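Heads up: the structure comes next, in structure tokens.
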Amino acid sequence: MYNILKAWMRKNPLNTDPHDFIAQVPVAGSVGVSEIIDELLLDGVELNREQTLKIIAHFNTKAAQLVATGYNVNTGLVNMRPTVKGSFYNMKWNPTVNWIDVFITQAFDLSQAIAETKVQILGERTEASDLENVTVLDDNDSAIKDYQNDLMTTSSLKAIPEPACGIAFRAWLCQA
């Protein structure tokens, strides 16, 4: 049995070719662990809802703990691998520029579900996307300066290490 993923076609806003389209998947809703268990019960799976919620919560806690202590964790659905980001000046941890992250990739069960999925194209949508609504402002615009000032005062802002991308990109990035 195949899964069906519905998608609208939209003209690619980054290309002037009138035949170039991108797909936009309409969100069918959001579900959490509790709703997934309810779906399992509707499918006729015999389980104790409260006990299953406790097991999954404990599983998630243990998986997170293992990743946070350096283990690669494969849940069958996703693979998680811990990483540390940022540059280390004098080989010292600096919470302003360093942070822990987790690299997540699909595992076998998710790969299998994706392999068994067909896309149903719903047609063309012509409404503007968020990307098409971007307004380009010049560097002297006060809105940009206000935004930059807001960014500089945000406590959760992390200084990202300078990328080795070339002088032209760095100059452009510094002007933004």
Side-chain angles (χ1 to χ4, degrees), residues 1-10 12-14 21-122 125 129-131 134 147 150-165 169 173 176:
M1 182 175 137
Y2 279 92
N3 303 307
I4 303 294
L5 182 66
K6 298 177 181 182
W8 289 99
M9 292 290 110
R10 306 216 7 231
N12 186 346
L14 302 177
F21 288 83
I22 58 172
Q24 182 179 12
V25 177
V27 177
S30 295
V31 295
V33 174
S34 186
E35 292 83 9
I36 293 170
I37 291 173
D38 291 340
E39 289 288 322
L40 291 172
L41 290 169
L42 289 174
D43 287 348
V45 176
E46 291 186 31
L47 53 87
N48 179 307
R49 187 177 194 287
E50 289 73 29
Q51 187 64 27
T52 304
L53 282 169
K54 286 179 185 177
I55 291 169
I56 292 172
H58 189 72
F59 175 88
N60 288 343
T61 301
K62 186 53 75 174
Q65 178 187 26
L66 289 167
V67 169
T69 56
Y71 286 87
N72 291 333
V73 176
N74 180 347
T75 68
L77 195 61
V78 294
N79 294 313
M80 300 179 284
R81 182 174 53 91
T83 63
V84 176
K85 302 288 187 167
S87 295
F88 287 83
Y89 184 73
N90 278 340
M91 297 190 330
K92 293 186 181 180
W93 177 268
N94 179 345
T96 306
V97 295
N98 303 118
W99 66 98
I100 299 167
D101 204 353
V102 177
F103 182 68
I104 300 173
T105 57
Q106 64 191 26
F108 180 78
D109 292 344
L110 185 56
S111 296
Q112 189 66 34
I114 290 170
E116 296 171 355
T117 299
K118 294 190 178 201
V119 175
Q120 177 186 1
I121 298 173
L122 300 174
R125 264 203 165 147
S129 71
D130 295 337
L131 193 56
V134 171
Y147 177 72
D150 288 345
L151 276 179
M152 298 311 282
T153 59
T154 303
S155 61
S156 64
L157 180 67
K158 294 192 183 311
I160 300 197
E162 189 174 283
C165 314
F169 178 73
L173 184 62

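Excluded from the calculations below are hydrogen atoms, water molecules and symmetry mates; all remaining heavy atoms, backbone and side chain alike, are included. For the single chain, residues carry numbers from 1 onward in sequence order. Owing to the predicted nature of the structure, the values given are computational and were not obtained by experimental measurement.
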Are any of the side-chain heavy atoms of [X] and [Y] separated by less than 4.5 Å?
X: Y89; Y: V97; answer: no
X: I114; Y: Q106; answer: yes
X: T105; Y: V78; answer: no
X: S34; Y: R49; answer: yes
X: I37; Y: I56; answer: yes
X: M80; Y: T75; answer: yes
X: N72; Y: N79; answer: no

More than 12 heavy atoms from other groups under 6.0 Å of CG on L41
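More than 12 heavy atoms, drawn from other residues, nucleotides or ligands, come within 6.0 Å of this atom.
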
Do other residues, nucleotides or ligands put more than 12 heavy atoms under 6.0 Å from the CG atom of L47?
yes

On a heavy-atom basis, which atom in [X] and which in [Y] lie closest, and how many Å separate them?
X: Y71; Y: P82; answer: O-CD, 3.4 Å
X: E35; Y: G32; answer: OE1-N, 2.7 Å
X: K85; Y: T83; answer: CE-OG1, 3.6 Å

Under the rule for side chain to side chain donor-acceptor pair (under 3.5 Å), what residues qualify as partners of [X], not counting sequence neighbours?
X: D109; value: none
X: T117; value: N3
X: R81; value: none

Among L122, I22, I121, find the one that has a side chain to side chain contact (heavy atoms under 4.5 Å, CB included) with M9.
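Considering L122, I22, I121, a side chain to side chain contact (heavy atoms under 4.5 Å, CB included) with M9 is found only for I121.
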
How long is the span from the [atom1] atom in [X] to the [atom2] atom in [Y], to the nearest 0.5 Å?
X: D38; Y: D43; atom1: CG; atom2: CG; answer: 11.0 Å
X: H58; Y: L53; atom1: NE2; atom2: CG; answer: 14.5 Å
X: R125; Y: R10; atom1: CZ; atom2: CZ; answer: 7.5 Å

